[in-house]
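All remarks here apply to the structure that follows.
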Amino acid sequence: MHWSNLFIPTLRENPTEAEVVSHQLLLRAGYIRPLAAGLYSYLFLAQRSLRKIAQIIREEMDAIGAQEFYLPEMHPAELWRESGRWEMMGDNLFRLKDRWGRDMCLGFTEEEVMTSIARSEVRSYKQLPQIWYQIQTKFRDEPRPKSGLLRVREFIMKDSYSFDLDEAGLDVSYQKHHHAYCRIFDRCGLQYLVVEAHSGAMGGSQSHEFAIPSDAGEDWIAVCAGCGYSANLEKAESRPMPPAASDPDLEAKPEKFATPNRKTIAEVSEFVGLPDSSQIKSLVMVAGDKPLLVLLRGDHQLSETKLASAAGGEVRPAHPEEIRAWFGAGAGSLGPIGITNMEILADEALRGRRNMICGANEDDFHLRHVTPGQNFQARFLDLRAAAAGDGCIRCGATLDLKKCIEIGHIFKLGYRYSQSMGARVLNAEGHEVTPIMGSYGIGLERILTSAVEQGHDKDGMCLPPSIAPFDVVVTPVNFNDDAQRRAAESIYTQCRAAGLDALLDDRDERPGVKFKDADLIGVPFRINVGKKLPQGVVEVVTRRARQSSDVPLAEAARAVLERKTA
RNA sequence: CGGGGCGUGGCGCAGCCCGGUAGCGCACCUGCCUUGGGCGCAGGGGGUCGGAGGUUCAAAUCCUCUCGCCCCGACCA
């Protein structure tokens, strides 16, 4: 294509609203323009890149026997009521009414639609397994869209769904997806982690997340440098660092002492001259309408996800009035001793500890010499969030926390949807059974965004050739020079004949402008046709490495092809 | 939903405190010039100052309300 005819509105300066690099560059390079909060128009370059990403995904999904569908993105509420998600999704679901007043919603994911097709058409185990997918727009009414294309209200997702007769079959479908996802992200030129993930409130037994380490990300991933264990912080287990001070070795009874105006862990620590890890942190949470007293080591943080799993549902912090009513004291003076009106859950890190400090359930008083399991009883389980510096649960090496972008998620759904929506097949014995499902998502824009986050420099993007909008740009340094122009045209034709996505920068601009623009939009290779032309030589420049080499005119296209596939 | 910030030509900003003819850089158009990293010179077009109401002889500027956007937090299979 000829650049002079294209709409590639590059900007010299960064728009102020953009903070993360990928957002700035996608705007500056003329890939996208904002329409409203969390809604972007994908201009020519973005669309080309997304099409390449979609094609890679399509090829790899097809390779595992998945079948592409095209589904409605506007759904009747009835389907969502059947699965229970109409109520569960809350404000995140885009809802609307048709002219007859019937409730509708915009596609969030497609479990309901896929399951409804399966239940009405799939009758026999002989038809299983099935893997169905789509690459379409999804809608989520995010409370806070942010970071360019990273968190938006309308985006493109590849989501697939597997239907199997039994768990062994689901394992196979899951592994196929795991494999396909690795192929997809490899081909997109991304460096990613495969991490154990929380399977969520929707049930499900196993889940992995594909994560791109990046400061722009919103997920925290715990990574072990020793054995490679990695898990989403919502799920990660760890061995805590030992307490900063050893427990006093003495037989003593809990003893009340005054702590005037000391409410926080830090204030009490300073007052008693002991580290945070010598204290018991007491949090009051509410699951449904049931209060829970949650105990952690003073320097640890609660993982609400782990607590929710333990409690079997969503949890929230108790309100100050509730705490006052249940404990007779404020939040700064709580402890487990004497508490009989609610269940007490204690983090594993408190097991075996002795003579610790906790609140006395009386304002401005604490207790010392409190020994878990002796002075109070509790259910011990893993409740704390892993922290950087903790030991790996598998090998003991030090865990690191990395911020990541979640680009893909695979998920054993189990019977959640097939059960509630009544999908049934006959098995080999002629008995009616419920098929087991998996669901598997990839965010297309997040692949592009991650590629920019991982590949950029001060001049712009350095996109991997597989997903860049063009492979190569041919740049005659002086387009008014007839010889250069003719040579550039001929090289451009050569490139196209070689199967390269080529762009000819035929604009009557100064060389600096052309070079800057080419760097900005991230085309992986550039062929400069300039002052060496009289010797029959042009330059092939690799964007990412900023390497330039002289090649004979006739070999320019082949040189790019070699570098692209290298 | 809580906290903070910002809305002035396509983009980046100044002007606002202390009311008095709306400005700068880039981009855009015309001409000349120039051609290896966002040239140079000259001329030119383009703005309901987010919106509504109020105060005032007079509002981009002061007051009230409102809308939008960004950031932090909460939220987020």
Side-chain angles (χ1 to χ4, degrees), chain A residues 7 9-20 23-24 27-28 30 33-40 83-85 88-93 108-112 138 140-148 150-153 157 159 161 197-209 216-219 232 234-235 304-305 308-309 314 316-317 406 408-414 416-417 437-441 443 458-460 475-481 484-485 505 507-520 526-533 538-539 541 546 548:
Chain A
F7 182 63
T10 58
L11 301 172
R12 191 175 293 231
E13 291 171 282
N14 272 325
T16 39
E17 72 259 30
E19 299 248 321
V20 308
H23 189 197
Q24 294 175 339
L27 287 167
R28 271 193 66 200
R33 284 296 182 263
L35 182 66
L39 300 172
Y40 285 89
S83 71
R85 292 210 297 176
M88 187 175 299
M89 296 311 314
D91 288 336
N92 284 323
L93 193 62
F108 188 94
T109 52
E110 301 288 326
E111 277 85 352
E112 284 80 2
K138 290 288 166 286
R140 298 188 183 180
D141 200 353
E142 289 286 344
R144 188 153 88 82
K146 57 181 288 198
S147 305
L150 221 44
R151 175 175 290 268
V152 287
R153 297 198 290 175
M157 180 157 100
D159 49 328
Y161 303 86
H198 181 67
S199 34
M202 301 301 270
S205 51
Q206 196 182 10
S207 166
H208 284 89
E209 187 179 314
E218 305 179 291
D219 262 14
N232 192 299
E234 292 181 335
K235 155 119 185 168
E304 285 202 26
T305 316
S309 300
E314 291 292 292
R316 64 165 172 88
E406 177 187 356
H409 205 146
I410 59 177
F411 211 100
K412 289 187 180 174
L413 275 181
R416 170 73 176 72
Y417 294 89
M437 294 174 60
S439 81
Y440 317 87
K458 67 174 173 49
D459 289 316
T475 306
V477 173
N478 180 356
F479 201 67
N480 290 328
D481 179 317
Q484 287 187 20
R485 191 168 60 217
D505 195 348
R507 296 175 298 170
D508 185 13
E509 289 284 357
R510 295 181 56 86
V513 173
K514 299 190 197 185
F515 295 154
K516 288 287 184 192
D517 272 345
D519 287 350
L520 183 59
R526 186 174 77 225
I527 300 173
N528 287 343
V529 182
K531 59 193 173 195
K532 299 168 192 162
L533 184 62
V538 295
E539 291 162 353
V541 182
R546 292 189 172 285
S548 168

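Computed from heavy atoms alone, side chains included, the values below leave out hydrogens, waters and symmetry copies. Residue numbering restarts at 1 for every chain, and letters A, B, ... go by the order of the sequence lines.
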| field | Contact check, side chains of V152(A) and L39(A), non-hydrogen atoms, under 4.5 Å | value | no
| message | For nucleotides 9-14 of chain B, give me one character per nucleotide, 5' to 3': B if any protein heavy atom sits under 4.0 Å from the base, S if the only such contacts are to the sugar-phosphate, - if neither. | response | --BSS-
| Any side-chain N or O of R416(A) less than 4.0 Å from the OP1 or OP2 oxygen of A77(B)? | no
| said: Distance check, C1' atoms only: U34(B) and G40(B), in whole angstrom units. | reply: 7 Å
| Can a donor-acceptor pair under 3.5 Å be found between the side-chain atoms of R151(A) and the base atoms of C76(B)? | yes
| said: Can you check the distance between A59(B) and G51(B), where both ends of the measurement are the P atom (answer in whole Å)? | reply: 15 Å
| field | Distance-only polar pair, side chains of S207(A) and H198(A), donor-acceptor under 3.5 Å | value | no
| query | Roughly, in whole Å, what's the span from CZ in R507(A) to P in C39(B)? | reply | 12 Å
| message | My understanding is that only one of R28(A), K514(A), K458(A), R526(A) makes a salt bridge (charged side-chain N to carboxylate O under 4.0 Å, His left out) with D519(A); could you say which? | response | R526(A)
| Under 4.0 angstrom, heavy atoms only, what part of the nucleic acid is R316(A) near: base, sugar-phosphate, or nothing? | nothing
| query | Hey, does N480(A) have a side-chain heavy atom less than 4.5 Å from the side chain of D508(A)? | reply | yes
| RNA chain B: P145(A) or E304(A), which has the more 5' nearest nucleotide? | P145(A)
| query | Mind checking who G2(B) pairs with, Watson-Crick or G-U wobble, both distances under 3.5 Å? | reply | C72(B)
| message | One thing to verify: whether K146(A) and E19(A) come together as a salt bridge, which I'm taking to mean a side-chain N less than 4.0 angstrom from a carboxylate O. | response | no
| Pair K532(A)-V538(A), side chain to side chain contact (heavy atoms under 4.5 Å, CB included): steps then yes or no | CA-CA 6 Å; K532(A) 299 168 192 162; V538(A) 295; over 6 Å; no
| request: Just name whichever nucleotide pairs with A52(B), Watson-Crick or G-U, keeping both distances under 3.5 Å, else none. | output: U64(B)
| query | Taking atom types as modelled and ignoring hydrogens, do the side chains of R140(A) and T109(A) form a donor-acceptor contact shorter than 3.5 angstrom? | reply | no
| request: For nucleotides G20(B) and A27(B), find the distance between their C1' atoms and express it as a whole number of Å. | output: 32 Å
| task | Please give the nucleotide sitting opposite G40(B) as a Watson-Crick or G-U wobble pair, both distances under 3.5 Å, or none. | result | C32(B)
| field | Whole-angstrom distance between C65(B) and G43(B), as gauged at atom C1' | value | 46 Å
| task | Please test D459(A) against K516(A) for side chain to side chain contact (heavy atoms under 4.5 Å, CB included), starting from the C-alpha separation and ending with a verdict. | result | CA-CA 7 Å; D459(A) 289 316; K516(A) 288 287 184 192; 3.6 Å; yes
| Interatomic distance, K138(A) NZ vs A77(B) P [rounded to whole Å] | 17 Å
| request: If A59(B) has a Watson-Crick or G-U wobble mate with both distances under 3.5 Å, name it; if not, just say none. | output: none
| Between Q206(A) and H208(A), is a side chain to side chain contact (heavy atoms under 4.5 Å, CB included) present by the stated rule, with each step listed? | CA-CA 7 Å; Q206(A) 196 182 10; H208(A) 284 89; 3.6 Å; yes
| field | Distance in angstrom units between R144(A) CZ and G3(B) P, rounded | value | 15 Å
| query | For G46(B), which nucleotide in any strand shown is its Watson-Crick or wobble partner with both distances under 3.5 Å? | reply | none
| field | Separation of the P atoms in G38(B) and C28(B), to the nearest angstrom | value | 15 Å
| task | Find the distance N92(A):CG to C76(B):P and express it as a whole number of Å. | result | 8 Å
| query | If you measure from the P atom in G15(B) to the same atom in U8(B), how many Å do you get, rounded? | reply | 14 Å
| request: Determine the contact category for K514(A): base if any of its heavy atoms lies under 4.0 Å from a base atom, sugar-phosphate if only primed atoms, P, OP1 or OP2 are that close, otherwise nothing. | output: nothing
| query | Under 4.0 Å between a side-chain N/O of R12(A) and OP1 or OP2 of A27(B), yes or no? | reply | yes
| field | Value in whole Å for how far the C1' atom of C76(B) lies from CZ of R153(A) | value | 15 Å
| query | Between E209(A) and N232(A), is any side-chain donor less than 3.5 angstrom from a side-chain acceptor? | reply | yes
| Which letters describe nucleotides 31-37 of chain B, given B = protein heavy atom under 4.0 Å from base, S = only from sugar-phosphate, - = neither? | ---BBBB
| query | Taking the P atom of each, how far is G45(B) from C1(B), in whole Å? | reply | 47 Å
| request: Report the C-alpha distance between L93(A) and D141(A) in whole Å, list the side-chain angles of each, state the deciding distance to 0.1 Å, and finish with yes or no for side chain to side chain contact (heavy atoms under 4.5 Å, CB included). | output: CA-CA 6 Å; L93(A) 193 62; D141(A) 200 353; over 6 Å; no
| task | With P as the reference atom in both, quote the distance from G50(B) to G3(B) in angstrom, rounded to an integer. | result | 24 Å
| Separation of atom CG in D219(A) from atom P in C76(B), rounded to whole Å | 13 Å
| Is there a donor and acceptor pair closer than 3.5 Å between the side chain of S207(A) and the base of A77(B)? | no
| task | Describe the nucleic acid contact of E142(A) in one word from base, sugar-phosphate, nothing, applying a heavy-atom distance below 4.0 Å. | result | nothing
| said: Please report the distance, rounded to the nearest Å, between CD in E19(A) and C1' in C6(B). | reply: 12 Å
| task | Tell me whether the centres of the aromatic rings in H23(A) and Y40(A) are closer together than 6.0 Å. | result | yes
| query | To the nearest angstrom, how far is L93(A) atom CG from C76(B) atom P? | reply | 15 Å
| task | Ignoring backbone atoms, test whether K146(A) places a side-chain nitrogen or oxygen under 4.0 Å from the OP1 or OP2 oxygen of C76(B). | result | no
